[in-house]
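Down below is the structure, laid out as structure tokens.
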2 protein chains.
Amino acid sequence: MGKTEMICDCDIIHKDIVDSVRNKLIDEDVLLSMADFYKILSDSTRIKIINVLYEAELCVCDISVLLNMTKSAISHQLRNLREMNLVRARKQGKEVYYSLSDDHIRKVFDMTREHIEERANETEC
Amino acid sequence: MGKTEMICDCDIIHKDIVDSVRNKLIDEDVLLSMADFYKILSDSTRIKIINVLYEAELCVCDISVLLNMTKSAISHQLRNLREMNLVRARKQGKEVYYSLSDDHIRKVFDMTREHIEERANETEC
DNA sequence: TTGACAATTGAACAGCTATTCAACTATACT
DNA sequence: AGTATAGTTGAATAGCTGTTCAATTGTCAA
């Protein structure tokens, strides 16, 4: 019964609990998308870009100065953020201005920030 | 004035905007902690572990069966999750039972899930 | 048209990380 | 004590990813 191939070599599996949990699991595609969503925010350069765009619409040049990184490095990461629909681009003359694509990312950002700063206070003791 | 070393080679920097943004930026340590927080959730195996522990306290064996992965792989990732205080371990006899360490991770998980599923609906058209 | 510059792109490289494998620890049972 | 099993650990490997560098595109101005 169950999987044809069992990688695990255990005897003590709590069959009833395992079966119960299995029925409640989230669809794997959704889980993978969630992981991808977190992944895009898990890089220090990208989170810094989100942070500066949180405050204003900026061109690649401005972001480069604020982060003290090359335009190339910034441009590569902006591409990733754009592909995940976290930022949008607006071209005006030679420059391209970037901004956060919607308010959802702001909420996620705020929430995580609060979480981190709470944790920082907790560990003070 | 400004940084001693300028990596960026731009001329058109919007000095007023850049200065204004710079004053509002979040402390770098907090940003790095936020990135680390996202990083721990950005792996498919870890997010699956969170998902199963969301439903019940489980031993390593149970998790291995549910994810169809070796105990070693699961154990390595549980270690990462433990170090980030996302899960806690309770030893009972030979087995070690894992559970989510608090409700905060549940809220973050729920929120992201909603976000992903909304996005999935939007892109249906 | 020519020159200058903002921005993008692709290839290469270096650093990181998840899984595998084997060895090991700890606990329970006989 | 001896055996079996749950779980952990460290080293090695393979795959992924962020930055750099050089080349290129697109736009503006003379």
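Every chain is numbered from 1, with letters handed out A, B, ... down the list of sequences.
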Check your understanding: So do the side chains of L86(A) and L53(A) get within less than 4.5 Å of each other, counting heavy atoms only?
Key -> no
**Study point:** Atom-pair distance (OH on Y97(A); P on dG26(D)), nearest Å
**Key:** 20 Å
Review point. Under a 4.0 Å N-O cut-off, is there an ion pair linking R113(B) with D110(B)?
Key: no
Review point. With no hydrogens and no angle check, is any side-chain donor or acceptor of R88(B) less than 3.5 Å from a backbone partner on D102(B)?
Key: no
Review point. Do the side-chain N or O atoms of Q77(B) get closer than 4.0 angstrom to the phosphate oxygens (OP1, OP2) of dT19(C)?
Key: yes
Exercise for review: Please determine, for the side chain of K71(A), which listed nucleotide (dG7(D), dT8(C), dG18(D)) has the closest atom?
Suggested key: dT8(C)
Check your understanding: To the side chain of D43(B), which of dA18(C), dT19(D), dT8(C) is closest?
Key -> dA18(C)
Practice item. Calculate, to the nearest 0.5 Å, the distance between atoms CD1 and CZ belonging to I40(A) and R46(A) respectively. Key: 4.5 Å
Review point. Nearest-Å distance, CD1 (I74(B)) to P (dT9(D))?
Key: 15 Å
**Study point:** Among dA7(C), dG7(D), dC28(D), the one nearest K94(A) by side-chain distance
**Key:** dC28(D)
Review point. Separation of Y38(B) atom OH from dT17(C) atom C1', in whole Å?
Key: 21 Å
Exercise for review: Rounded to the nearest angstrom, tell me the gap between atom CG in L58(B) and atom P in dA6(D).
Suggested key: 15 Å
Exercise for review: Kindly assign one of parallel, tilted or perpendicular to the pair H115(B) and H104(A), based on the angle between their ring planes and the thresholds 30° and 60°.
Suggested key: parallel
Check your understanding: Where the side chain of V96(B) is concerned, which of dT19(C), dT8(D), dT8(C) is the nearest nucleotide?
Key -> dT8(D)
Exercise for review: In whole angstrom, give the distance that lies between atom CG of L67(A) and atom P of dT20(D).
Suggested key: 12 Å
Exercise for review: Establish whether L32(B) and I63(A) are linked, either directly or via other cluster members, by ILVMFWY side-chain heavy-atom contacts under 4.5 Å.
Suggested key: no
Exercise for review: Report the nucleotide, chosen from dG26(D), dA7(C), dG7(D), that has the shortest atom-to-atom distance to any side-chain atom of E95(A).
Suggested key: dA7(C)
Exercise for review: To the nearest 0.5 Å, tell me how far I47(B) CD1 sits from Q77(B) CD.
Suggested key: 12.0 Å
Practice item. Rounded to the nearest angstrom, tell me the gap between atom CD1 in I49(B) and atom P in dG7(D). Key: 13 Å
Exercise for review: Would you classify Y98(A) as touching base, sugar-phosphate or nothing, given that sugar-phosphate means primed atoms plus P, OP1 and OP2, and contacts are heavy atoms under 4.0 Å?
Suggested key: sugar-phosphate
Exercise for review: Determine: side-chain N/O of T70(B) to OP1/OP2 of dT20(C), distance under 4.0 Å, yes or no.
Suggested key: yes
Check your understanding: Mind checking what makes side-chain hydrogen bond (donor to acceptor under 3.5 Å, both in side chains) contact with E95(B), not counting sequence neighbours?
Key -> Y97(B)
Practice item. Report the nucleotide, chosen from dT17(C), dG18(D), dT20(D), that has the shortest atom-to-atom distance to any side-chain atom of K39(B). Key: dT17(C)
Exercise for review: In whole angstrom, give the distance that lies between atom CG of N80(A) and atom C1' of dG18(D).
Suggested key: 9 Å
Check your understanding: Do we see H76(B) stacking on the base of dT9(D), given a limit of 5.5 Å between centres and 30° between planes?
Key -> yes
Exercise for review: Would you indicate which nucleotide in dC21(D), dA6(C), dC21(C) comes nearest to any side-chain atom of S72(B)?
Suggested key: dC21(C)
Review point. Counting side-chain heavy atoms from CB outward, which of dG7(D), dA7(C), dT19(C) is closest to M69(B)?
Key: dT19(C)
**Study point:** DNA chain C-proximal residues of residues 85-93 of chain B, any heavy atom under 4.0 Å
**Key:** K91(B), G93(B)
Practice item. Look at R46(A) and dG18(D) and indicate whether a side-chain polar atom (N or O) is within less than 4.0 Å of OP1 or OP2. Key: yes
Exercise for review: Give a yes/no on whether any side-chain N or O of R79(B) is located under 4.0 angstrom from OP1 or OP2 of dT9(D).
Suggested key: yes
